[in-house]
Structures are given as C-alpha cells and as structure tokens.
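This report refers to the structure that appears directly beneath it.
What you are looking at is a predicted structure, and each value in this text was computed from that prediction instead of being measured. We count residues from 1, following the sequence as given. Both ligands and their constituent atoms are indexed starting at 1 by order of listing.
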Amino acid sequence: MLDYTLEDWRSRAGQISFRNKAFIDGKFVDAVSGKTFDSINPANGQVLAQVAECDAADVDLAVAAGRRAFEDGRWSRMAPGDRKAVLLKLADLIRANLEEMALLDSLDMGKLVTDAATIDAPGSAHFFQWYAEAIDKVYDEVAPTGPGDLALVSRVPLGVVGAVTPWNFPLDMATWKAAAALAAGNSVVLKPAEQSPLSALRLAELAAEAGVPDGVFNVVPGFGHTAGQALGLHMDVDCLAFTGSTMIGKKFMEYSGQSNLKQVWPETGGKSPNLVFADCENLDAAADMAAFGIFFNQGEVCSANSRLYVERSIKDAFVEKMIARAEGMQPGDPLDPASKMGAIVDEKQTEDIMRFVEGGKKTANLVAGGERAYVDGKGCFVAPTIFDDVSHDDPLARDEIFGPVLSIIPFDSEDEAVTMANDSVYGLAASVWTDNLGRALRVSDKLMAGTVSVNTVDALSAQTPFGGMKQSGFGRDLSLHSFDKYTALKTTWIKYQA
Ligand code: NAD
C-alpha cells in the first residue's frame with residue numbers, strides 16, 4: 001500500500017461502496033424521517049454518498065437498543081476474556097480493511113490518504129487492541145476496613161454512553177471514545193460529525209462482524225443541532241463523551257443540566273504554544289517539527305502548535321527555516337502520495353480560515369502563503385501560511401483558526417515566554433525546545449497544558465492520557481485513565497463474623 005501511486009488510490013477509491021445508513025441494533029437502517037444529507041469530498045466537491053440524516057427519533061431508537069443490550073448483559077456481563085477476544089478481532093478487521101478505512105477518511109474530509117493509511121487507520125486498530133488487552137488486566141480494590149468488614153471497590157460500566165465526535169480525525173476520534181467505552185462494558189451511541197460520517201459507519205459494521213452484539217455499538221449520522229442535541233438531552237444516556245469546539249462543549253454541559261445530569265466529558269479546542277529557546281542545539285529538527293506541528297492534517301488538529309514563540313536572538317534565522325519548510329508543504333490531491341498537505345474539510349471552514357488570513361494581512365507580517373489554493377481548478381485548499389511579528393493580542397495569536405496558519409512571536413526571557421504561552425483561554429498542549437535540562441523541567445512545570453512535549457511536538461500514545469486544561473476541557477482520552485470516564489466506582493460492603 002505504501003508504494004501505491006495516485007492512480008492506484010483513485011482506482012481503489014472507485015471500488016468502495018459507502019455505508020450510508022444509520023447503524024442501529026445491529027442493522028443498517030434509514031432515518032425514521034427518510035431524510036438524507038450529502039457527504040461531499042472537499043478535494044473536488046463531488047457528492048460521495050447520501051447519508052441517513054438521523055434526528056431525535058433515531059437517537060431514541062439507538063439509545064433504547066443500547067439500553068436493552070446493557071440490561072440483558074449480552075456485553076456488559078460478558079466474561080472479560082470473551083469481550084477482549086471480540087475487540088481484538090475488531091482490531092484485526094480494521095487492519096484487514098486498512099486501505100478502505102484510510103480512503104473513507106481521506107475522501108470524506110480531505111486528509112492525505114498516506115497519513116490516513118499510516119497513522120489514522122493503524123492507530124484505530126492499535127487503540128482497539130490496547131483497550132482489548134487491558135480488559136482482563138485491570139483489577140479492582142479491597143478497601144482497608146477491618147475485621148468483620150469486607151469492602152469491595154469495583155469499577156462498573158455506566159450504561160449507555162453517547163459519543164459526539166469532530167471531523168478532523170473521524171476514525172480515530174470515534175475509536176478513542178468507543179474503544180474505551182466498549183472495553184469497559186458499556187453500550188455506545190456514536191454521532192460522528194456530519195462532514196465525515198463514513199468511516200464510523202464502516203467501523204460499526206466491522207464491530208458487528210467481530211462479534212460485538214446487536215445494540216451495543218450504534219452509529220447515528222446527522223447534524224449537531226438535531227442528532228447531537230438529542231443525545232445531549234436524552235434522559236436515558238448516562239455519559240456523554242464529546243470532542244469538538246469549546247462552544248459546543250459548553251452546550252453539552254448545559255444539556256446535561258437541563259436533562260438527567262449525565263456525566264459530560266468535554267475535549268475541546270486549543271491554541272497550543274511552541275517555545276523555541278536559543279539553547280536548542282538542533283534548530284533544524286525544531287523547525288521540522290514546528291512545521292509538522294502546524295501543517296500536519298492541514299492544521300486541523302486540536303493540539304496544533306499554532307503559536308510559535310522564538311527567542312529573539314535566533315528568531316530571524318528560525319523564521320527563514322520555517323518559510324523554507326512551508327514552501328515545501330504545498331497542498332495537493334489528498335490521494336496523491338506526493339502531496340504534502342490535503343484539502344480543508346469544507347467550504348465553510350476554508351472561508352473561516354481565509355477570514356483570519358485576510359485579517360492578519362492588516363495586522364502582522366505575512367511571510368509565507370496567505371492564499372486559498374486549488375488543485376485541478378477545484379477544491380478547498382489553503383497554502384501553508386506564516387505570519388511573523390504577530391502581536392500577542394492579535395486574533396491570530398488568540399483564536400483557534402483550525403487551519404494551516406502559524407503565528408510567530410519573539411520573546412526575550414524565559415519568564416516572558418511562559419507568561420505569553422499561558423495567557424490563553426486554552427490549555428491543551430505545549431512544546432518546549434531546549435537542550436538545558438533545568439529549563440526543560442522548569443518551563444514544563446509552569447506550562448498550563450494537558451500535554452507538554454519537550455524537544456518534540458504533540459507527543460501522544462495509547463499509554464498516556466490526552467486532554468486539556470482550562471477551556472480545552474477536562475475529559476481525558478487514551479490510557480487506563482480513560483476508564484474513569486466510562487465507569488462508576490461502586491462499593492459493596494459485606495459484614496461477616498470476624
Ligand atoms: P464542533 O464543535 O462544531 O462539532 C463537533 C461535534 O459536535 C460534531 O459531531 C457536531 O455535529 C456536534 N455538534 C455541533 N453543534 C452541536 C449542537 N448544537 N449540539 C450538539 N452537538 C453539536 O467541532 P468541529 O468543527 O467538528 O471540530 C473542530 C473542533 O474540535 C476544534 O475546536 C478542535 O480543537 C476540536 N477538537 C478537539 C480535540 C481534543 O481532543 N481536545 C480533538 C479534535 C478536535
């Protein structure tokens with residue numbers, strides 16, 4: 001697959017039959033209303049599929065199916081080893097269908113198929129495998145009570161977990177929620193983003209093929225203000241795991257208060273700072289990763305390193321390095337293995353990004369990009385864009401642009417760098433480049449971010465929690481800590497004759 005040409009990928013894309021119905025209670029079904037919406041390829045504007053447009057009626061059916069499955073124990077009380085075997089099989093099936101899974105995300109939201117095939121789809125299989133393997137290795141507790149008392153503290157599944165996910169990593173965001181929630185024994189109702197529902201629907205089908213029982217994993221494609229809101233307000237959903245914008249994360253907190261006080265786990269926006277100190281020895285590596293940190297996935301990454309703070313003594317030289325890298329990362333056909341960046345998810349997001357870029361041209365120093373781009377005269381593409389000498393208070397440095405737009409800001413001291421980095425409503429991730437160990441530890445300690453990467457960017461693994469501080473939300477995906485979201489602590493106290 002890694003030696004595929006553009007023609008190979010195009011021909012394989014032409015052979016896919018898209019799953020376009022909702023997946024409820026183990027079956028593909030039309031929306032109750034019969035309505036559909038178009039799923040559009042942003043690289044060329046073509047309609048890929050007309051997808052079932054679920055609303056509250058479909059969410060009701062999916063939640064009821066999830067509840068039935070949870071109550072009768074077909075999954076929630078399955079022996080841990082058996083549940084593990086099913087999810088391991090799902091991981092294998094994702095690997096067996098890697099090419100198709102990669103193509104679904106690439107066609108649906110514009111990411112490079114090469115990235116989807118080497119990062120997203122293998123990542124999904126890996127995360128399912130990781131949580132499957134954890135199922136029969138996580139033990140509960142016996143509390144230190146005393147003679148005559150035995151207090152068991154166990155983690156029990158919550159019931160029906162609603163998951164609402166964004167479009168930037170469609171398969172992986174669905175996986176981050178579903179793998180842990182299913183491993184913990186819950187039923188799941190997933191609402192993927194309306195821009196990119198196709199991989200989640202195929203994932204549900206593969207889950208059924210792997211042996212996930214009917215009703216345990218449901219997917220309801222549809223819009224946020226209908227299907228998403230219905231899940232958020234549902235009286236029989238026990239937990240709502242959300243990844244998306246801060247604005248909608250706040251809405252889910254409100255929905256919970258207006259309904260059944262379901263647990264809400266928001267993982268939301270970011271404006272991650274990347275601090276490059278003059279004592280960083282390998283400035284070329286720092287520039288390579290700074291470029292990756294903002295241009296990977298077209299900058300549509302919640303933890304994108306969109307604010308680059310560079311110590312003034314090396315700033316001009318570093319800006320030159322960044323310009324060179326931006327020039328080498330022009331967007332192209334997402335199916336072309338030679339392309340360095342893909343398409344922006346849709347027309348609206350492209351226009352939103354360009355609004356920031358046009359504003360920035362009046363307030364900062366544009367040194368790379370700054371234009372909308374087209375491939376074969378079509379599509380939603382933005383050239384990798386860099387602004388230098390950005391004022392710390394400029395919207396370029398404050399707002400989450402969610403596109404390939406980098407703001408460079410000089411600093412004169414460690415304290416100033418940390419103060420500016422922390423002066424944000426967000427706190428998802430941060431990076432520090434230095435060869436001074438004391439500085440690395442001191443600065444990491446002070447940065448208010450869920451993940452601080454030193455001499456790299458966006459460090460992430462199944463073994464480590466991912467999530468934010470401040471208005472980046474407080475949910476944590478990945479690692480065993482993710483089970484905290486999908487289980488309740490239950491005490492069972494037994495008195496006996498000591
Ligand atoms: P979004 O908030 O617009 O949408 C996310 C999901 O919420 C979609 O499924 C959408 O349909 C649904 N939704 C929208 N309006 C809703 C409403 N009124 N009620 C209920 N549901 C609603 O975000 P997006 O544009 O899809 O994704 C981009 C955002 O996601 C960025 O802010 C990015 O930082 C964030 N993100 C965060 C993480 C993280 O882990 N912290 C990861 C990826 C993306």
Subject >> Audit row: Tyr309, His392, side chain to side chain donor-acceptor pair (under 3.5 Å) steps and yes/no >> reply: CA-CA 10 Å; Tyr309 295 95; His392 182 61; 3.3 Å; yes
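- Between Lys177 and Asp172 no salt bridge is recorded (no basic side-chain N to carboxylate O distance below 4.0 Å).
- A side-chain N or O of Ser461 and one of Thr464 form a donor-acceptor pair less than 3.5 Å apart.
- With respect to Trp176, the ring-ring contact (aromatic ring centres under 6.0 Å, His included) criterion is satisfied by exactly one of Phe466, Phe242, Phe128: Phe466.
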Subject >> Test side-chain contact (heavy atoms from CB on, under 4.5 Å) applied to Phe381 and Gln330, step by step >> reply: CA-CA 9 Å; Phe381 297 89; Gln330 298 306 315; over 6 Å; no
Filter the ligand 1-protein atom pairs down to N or O on both sides and distance under 3.5 Å, then list them.
{"unit_1": "ligand 1", "atom_1": "2 (O)", "unit_2": "Ser245", "atom_2": "N", "d": "2.8"}
{"unit_1": "ligand 1", "atom_1": "2 (O)", "unit_2": "Ser245", "atom_2": "OG", "d": "2.6"}
{"unit_1": "ligand 1", "atom_1": "9 (O)", "unit_2": "Thr165", "atom_2": "O", "d": "2.8"}
{"unit_1": "ligand 1", "atom_1": "9 (O)", "unit_2": "Lys191", "atom_2": "NZ", "d": "3.1"}
{"unit_1": "ligand 1", "atom_1": "11 (O)", "unit_2": "Lys191", "atom_2": "NZ", "d": "2.9"}
{"unit_1": "ligand 1", "atom_1": "11 (O)", "unit_2": "Glu194", "atom_2": "OE1", "d": "2.6"}
{"unit_1": "ligand 1", "atom_1": "11 (O)", "unit_2": "Gly224", "atom_2": "N", "d": "3.3"}
{"unit_1": "ligand 1", "atom_1": "18 (N)", "unit_2": "Tyr255", "atom_2": "OH", "d": "3.3"}
{"unit_1": "ligand 1", "atom_1": "19 (N)", "unit_2": "Gly224", "atom_2": "O", "d": "3.2"}
{"unit_1": "ligand 1", "atom_1": "19 (N)", "unit_2": "Tyr255", "atom_2": "OH", "d": "2.7"}
{"unit_1": "ligand 1", "atom_1": "21 (N)", "unit_2": "Gly224", "atom_2": "O", "d": "3.4"}
{"unit_1": "ligand 1", "atom_1": "23 (O)", "unit_2": "Ser245", "atom_2": "N", "d": "3.4"}
{"unit_1": "ligand 1", "atom_1": "25 (O)", "unit_2": "Trp167", "atom_2": "NE1", "d": "3.0"}
{"unit_1": "ligand 1", "atom_1": "26 (O)", "unit_2": "Trp167", "atom_2": "NE1", "d": "3.1"}
{"unit_1": "ligand 1", "atom_1": "30 (O)", "unit_2": "Gly244", "atom_2": "O", "d": "3.3"}
{"unit_1": "ligand 1", "atom_1": "32 (O)", "unit_2": "Glu400", "atom_2": "OE1", "d": "2.6"}
{"unit_1": "ligand 1", "atom_1": "34 (O)", "unit_2": "Glu400", "atom_2": "OE1", "d": "3.4"}
{"unit_1": "ligand 1", "atom_1": "34 (O)", "unit_2": "Glu400", "atom_2": "OE2", "d": "2.5"}
{"unit_1": "ligand 1", "atom_1": "41 (N)", "unit_2": "Thr268", "atom_2": "N", "d": "3.3"}
{"unit_1": "ligand 1", "atom_1": "41 (N)", "unit_2": "Thr268", "atom_2": "O", "d": "2.8"}

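- The neighbour count for Lys35 NZ, taken as heavy atoms of other residues, nucleotides or ligands under 6.0 Å away, does not exceed 12.
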